Number of protein chains: 2
Amino acid sequence: MSNLLTLTQPNRFADATHASDSAWRQQGSLWSNLRQVCELLTIQPPATADDEDTLFQHVRFKAGQRIHRIGQVFDTLYIVNSGFLKTVHIDEYGNEQVLSFPMKGDLLGIDGIHKQHYASEAIALSDCDMILVPYKTFTSLGRIHVELEQAMFSVMSREIVREQMMISMLSALSAEAKVARFLTNLGERFNQMGYSGRSFNLRMTRQEIGSYLGLTLETVSRTLSALNELGMISVEQREIKLIDPVALKTLRRLPPAKARIKVSEIVSEKVTEKVNALVNKNILPQWNKDMAVALN
Amino acid sequence: MSNLLTLTQPNRFADATHASDSAWRQQGSLWSNLRQVCELLTIQPPATADDEDTLFQHVRFKAGQRIHRIGQVFDTLYIVNSGFLKTVHIDEYGNEQVLSFPMKGDLLGIDGIHKQHYASEAIALSDCDMILVPYKTFTSLGRIHVELEQAMFSVMSREIVREQMMISMLSALSAEAKVARFLTNLGERFNQMGYSGRSFNLRMTRQEIGSYLGLTLETVSRTLSALNELGMISVEQREIKLIDPVALKTLRRLPPAKARIKVSEIVSEKVTEKVNALVNKNILPQWNKDMAVALN
DNA sequence: CGATGGATTGATCAAGCTCAAGGCACGTGG
DNA sequence: CCACGTGCCTTGAGCTTGATCAATCCATCG
């Protein structure tokens, strides 16, 4: 599966205005068959599939290039074969809101189906190898292979659930919890891709993380520093190591009054003085103090 | 084909205390045909549809009843024919997060497709008349009427876009802007349903609005009072009148540093003293002062 | 090497949360 | 019919989180 991306591609996307225009100029580029595409999406390939039947073209994008833009006519879905991206929504006043950080196996462009124009913008954060799935192909495949239609609904449903989780997280969690979860989520995704989920490099800026989490870049930076000093992670610029994933995952929202937490779950070791110091230095919020005190 | 859904439900709703009680007692209950269902969802009914071919059963729910719960096995989609509901996600610690307020024409349950278990909980806020769409029927219809499959993808895509908007709003807007938009959105939806979009009753508590918008109920209450005193709306308990929808819709986010706003767009009239008074009384946040001053 | 974009850190402050008290509407039972 | 309870809403006072503004640092790259 990994030999799929030996593609050397002239940069005909330099202008990038119309990604797909240039697509059919592709000659010696790579193609994937249906089975490979299904594996990428982690869905069952249909038993009826003929490996040579339908082929999907690969296209490479350089870091910084746009895969599609808001308002552009929709006709293609994209699957990430390698690389990292962000999708963003631009509000009425030009502010950029990061919606997701797609990586290997993720499907892009679904939001374009509704109005037949993309509702978001996808931008490569690193060099990327993307598989083109013309929407027409997508739908007709569903009709040919019955099991596939199921899987397609399932993938869209998964996206909806993902966004629901995002909404929950945005409106319920504290800054610390948001950042902590963001890191563990990233870790899990790296794991699934076969990389280390403990030690990885961020592909996005603090700014982008902040936008994604509904925080400012300063808060993201401060929180990373705090988690670092607490010994839950180690940060050095973009290089992240998750030292205490359990503590990270259970780091909770600043509790809404009533349901306060069993402190033992919060941090793995005694950290009273450390925590107090950080609270006093204004790196950690007040309530950590009580918890740390209650700890030992 | 014609009897795809002659369902007298087995014990899907095993828990007799809820919802379902009423469900199977309905014998002479209402049924809708495909054409009617399509109209409700505002999608094109397929030309090939035979009105008597496929029928969809209606089920009534009383205010407070659950339509489905988290984790329950998924096999049915619901379309709201009348009434008002909320969907919620319950986090690991029992906190309720409101995800949407479905009403006439909305489709519920899509989030169950992915794992074959509902990922959220739907609760009637008023008496509701719901149309059952067994998932099996749903998918087989897509195969029979080709145009329908399109429409089904489109509906799911619309939901994804809606949630993206929600995410943007949650992380970018101020409390005031959130509440203002919430009201205008509600108004627009009432309009589409043929009711007045200017004057309506809230079906949900301040608590639920707050959860939906990522605010506390107190903030929601205060903000409503503020918009009321500013003359943009009138509030009396659950009764809302939108007096200046334009001002409401353009009420902006607390600007993120750089891109500050053309003040003229904010409020429709001169309101300097009013605003100052409210700021001093701590009802409106500080920055309104500058805007009001800049106004005249 | 300087320039540039990103990251860190500090100091200050206000938006929105928490806690608390009281008010209003509606239903139920005496 | 009123008294009372309950659930929801409003308003106030004070405090914390996280935003803002600003200075500095660091890394990369032409």
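Quick caveat: nothing in here was measured; it's all calculated off a predicted structure. Reminder, nothing fancy here: chain letters follow the sequence lines and each chain counts from 1.
The distance between atom CG of A:Leu173 and atom P of C:dC17, rounded to the nearest whole Å, is 14 Å. Atom pair A:Leu217:CG and C:dT8:C1' shows a separation of 10 Å (rounding to whole Å applied). The distance from atom CZ of B:Arg238 to atom C1' of D:dC8 is 7 Å, rounded to the nearest whole Å. Distance A:Leu227 CG to C:dA7 P: 16 Å, rounded to the nearest Å. One atom, CZ of B:Arg206, and another, C1' of C:dT18, lie 19 Å apart when rounded to the nearest Å. When the P atom of D:dT11 is taken as reference, atom CG of B:Leu224 falls 10 Å away, rounded to whole Å. Whole-Å rounding puts the B:Arg222 CZ to C:dC19 P distance at 13 Å. A straight line from CD of B:Glu236 to P of D:dC9 spans 14 Å, rounded to a whole angstrom.
The existence of a salt bridge linking A:Arg189 and A:Asp106 is confirmed by a sub-4.0 Å separation between a basic side-chain nitrogen and an acidic carboxylate oxygen. Salt bridge status for A:Arg198 with A:Glu239: absent, with no side-chain N to carboxylate O gap under 4.0 Å.
In this structure, A:Ser211 contributes its side chain and A:Gln207 its backbone to no donor-acceptor pair below 3.5 Å. In this structure, A:Asp127 contributes its side chain and A:Ala63 its backbone to a donor-acceptor pair below 3.5 Å. B:Thr250 places a side-chain N or O within 3.5 Å of a backbone atom of B:Val246 that can act as its donor or acceptor partner.
If you check the side chains of A:Ser171 and B:Gln97, you find a donor sitting under 3.5 Å from an acceptor. In this model, a donor atom of one side chain and an acceptor atom of the other lie less than 3.5 Å apart for B:Thr219 and B:Thr216.
Within the 4.0 angstrom heavy-atom criterion, base atoms lie near B:Glu218. Among the atoms of the strands shown, only primed sugar atoms or phosphate atoms (P, OP1, OP2) are found under 4.0 Å from some heavy atom of B:Leu215. Among the protein residues, B:Gly214 comes within range of the sugar-phosphate backbone only, with heavy atoms under 4.0 Å from sugar or phosphate atoms but none that close to a base.
Counting only heavy atoms from C-beta on, B:Thr216 has its side chain closest to C:dT18 among C:dT18, C:dA7, D:dC8. Of the candidate nucleotides D:dT10, C:dT9, D:dC8, D:dT10 has the atom nearest to the side chain of B:Ser221. Side-chain proximity of A:Thr219 to C:dT18, C:dA7, D:dG18: nearest is D:dG18. Set against D:dC9, D:dT11, C:dA7, the side chain of B:Ser225 has D:dT11 as its closest nucleotide.
With axes fitted over five pairs at each extremity, the angle between the ends of the helix from C:dC1-D:dG30 to C:dG30-D:dC1 is 30° (10° resolution).
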